[in-house]
Number of protein chains: 2
Amino acid sequence: MTAKVVEKPQAAVKLTRARRTAILKALADPRRFELLVRIASAPSPLSCAEAGTALPICAATLSHHIKELETAGVISIRRVGKFHYMSLRPGVLEALASSLIALEPNARPGKLSTSPQS
Amino acid sequence: MTAKVVEKPQAAVKLTRARRTAILKALADPRRFELLVRIASAPSPLSCAEAGTALPICAATLSHHIKELETAGVISIRRVGKFHYMSLRPGVLEALASSLIALEPNARPGKLSTSPQS
DNA sequence: TCGACGTTTCGACAACTATCGAATTGATTG
DNA sequence: CAATCAATTCGATAGTTGTCGAAACGTCGA
């Protein structure tokens, strides 16, 4: 188990190899990706149980997957009372996407934009 | 071992869940990613041995990784004589990148910076 | 304080995977 | 043909990981 990723600035620009691998591993499990989709598309942060509804896994497994996502730095968790609210960490997936796009032959050296501020 | 991905059109737009997972799994191994970087940034298709130089793995393992990349549809291989020339399959990484970007909160008007939640 | 509830940790297990050496296939060449 | 070379396949093994049940932890309400 890799150590938890903690970075001050909201990760956006460049990923180390180790970090990139950690994120890819976190995304490479279908349940975890599904979980992430739910978290990302929810209007407000989800609790663990909320995110895991309709996932055919027990609470222990759910907790394990959530920890993997957090350890990889893909989500952040705000712990309030007995609930743990998860939300997508902005910029991380974008950074990964950039490093993928950079491999395509027609790769323009520029960044890609999530939301053209328009 | 998943069945080999065969698709007529050069995959570009949308990925099924299974396909996306397959690609992510293929990329999630650091050696495979390194291999892919070499293949992608080479000016012309590389043979297996060429791609594997300076990778501290034996030929059998190299062959295994290459098969994984091909099975996932990330690279294509042209077999001529005793050499197998590998090249990046265009559009695949781009498609994956798109599906990642789609998870980012695109409608993010005022981006209050992620306060390091603590 | 007691119990219910959300979440995590622990211990175990089965399945998967990265790795290797050895053997094999297939193509080229002496 | 025999040797050589690139690549794959086979069999085995060690390490990783997804999964669960049970237990523990922390919080909240009665």
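What you see below is based on every heavy atom in this structure, not just the backbone, and it leaves out hydrogens, waters and symmetry mates. Each chain gets a letter, A, B and so on, in the order the sequences are listed, and its residues count up from 1.
Annotation: side-chain contact (heavy atoms from CB on, under 4.5 Å) contacts of A/Thr16 (sequence neighbours excluded): A/Ala18, A/Arg19. Qualifying salt bridge (charged side-chain N to carboxylate O under 4.0 Å, His left out) partners for A/Arg31, counting only residues two or more places apart in sequence or in other chains: none. For B/Arg20, there are no salt bridge (charged side-chain N to carboxylate O under 4.0 Å, His left out) partners two or more places apart in sequence or in a different chain. In terms of the side-chain contact (heavy atoms from CB on, under 4.5 Å) criterion, residue partners of B/Ser41 (sequence neighbours excluded) are, by chain and number, B/Val37.
Between C/dT9 and A/His64, no contact under 4.0 Å exists linking OP1 or OP2 to a side-chain N or O. In this structure, B/His84 does not reach the D/dA7 phosphate: none of its side-chain N or O atoms is under 4.0 Å from OP1 or OP2. Contact check, A/Arg32 against D/dG18: a side-chain N or O comes under 4.0 Å of OP1 or OP2. For A/Thr61, no side-chain nitrogen or oxygen approaches OP1 or OP2 of D/dG18 to under 4.0 Å. At C/dG6, none of the side-chain N or O atoms of A/Arg79 fall inside 4.0 Å of OP1 or OP2 (strictly under the cut-off).
Through direct or relayed side-chain contacts under 4.5 Å between Ile, Leu, Val, Met, Phe, Trp and Tyr, B/Leu46 connects to no other residue. By the 4.5 Å side-chain criterion applied to Ile, Leu, Val, Met, Phe, Trp and Tyr, A/Tyr85 is assigned to a cluster that also includes A/Val80, A/Phe83.
Sorted by first then second residue, the side-chain hydrogen bond (donor to acceptor under 3.5 Å, both in side chains) pairs that include residues 21-30 of chain B, not counting sequence neighbours, number zero. Residue pairs that meet the salt bridge (Lys or Arg N to Asp or Glu O under 4.0 Å) test with at least one member in residues 46-65 of chain B, sequence neighbours left out, do not exist here.
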Identify the pairs formed between an N or O of the protein and an N or O of nucleotides 24-30 of chain C at a distance under 3.5 Å, and give each distance.
none

I'd like a table of atom pairs between the protein and nucleotides 10-13 of chain C - only N or O on both sides, under 3.5 Å - with the distance next to each one.
none

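Listed by residue number, the members of residues 36-57 of chain B with any heavy atom below 4.0 angstrom from DNA chain D are B/Ser47, B/Cys48, B/Ala49.
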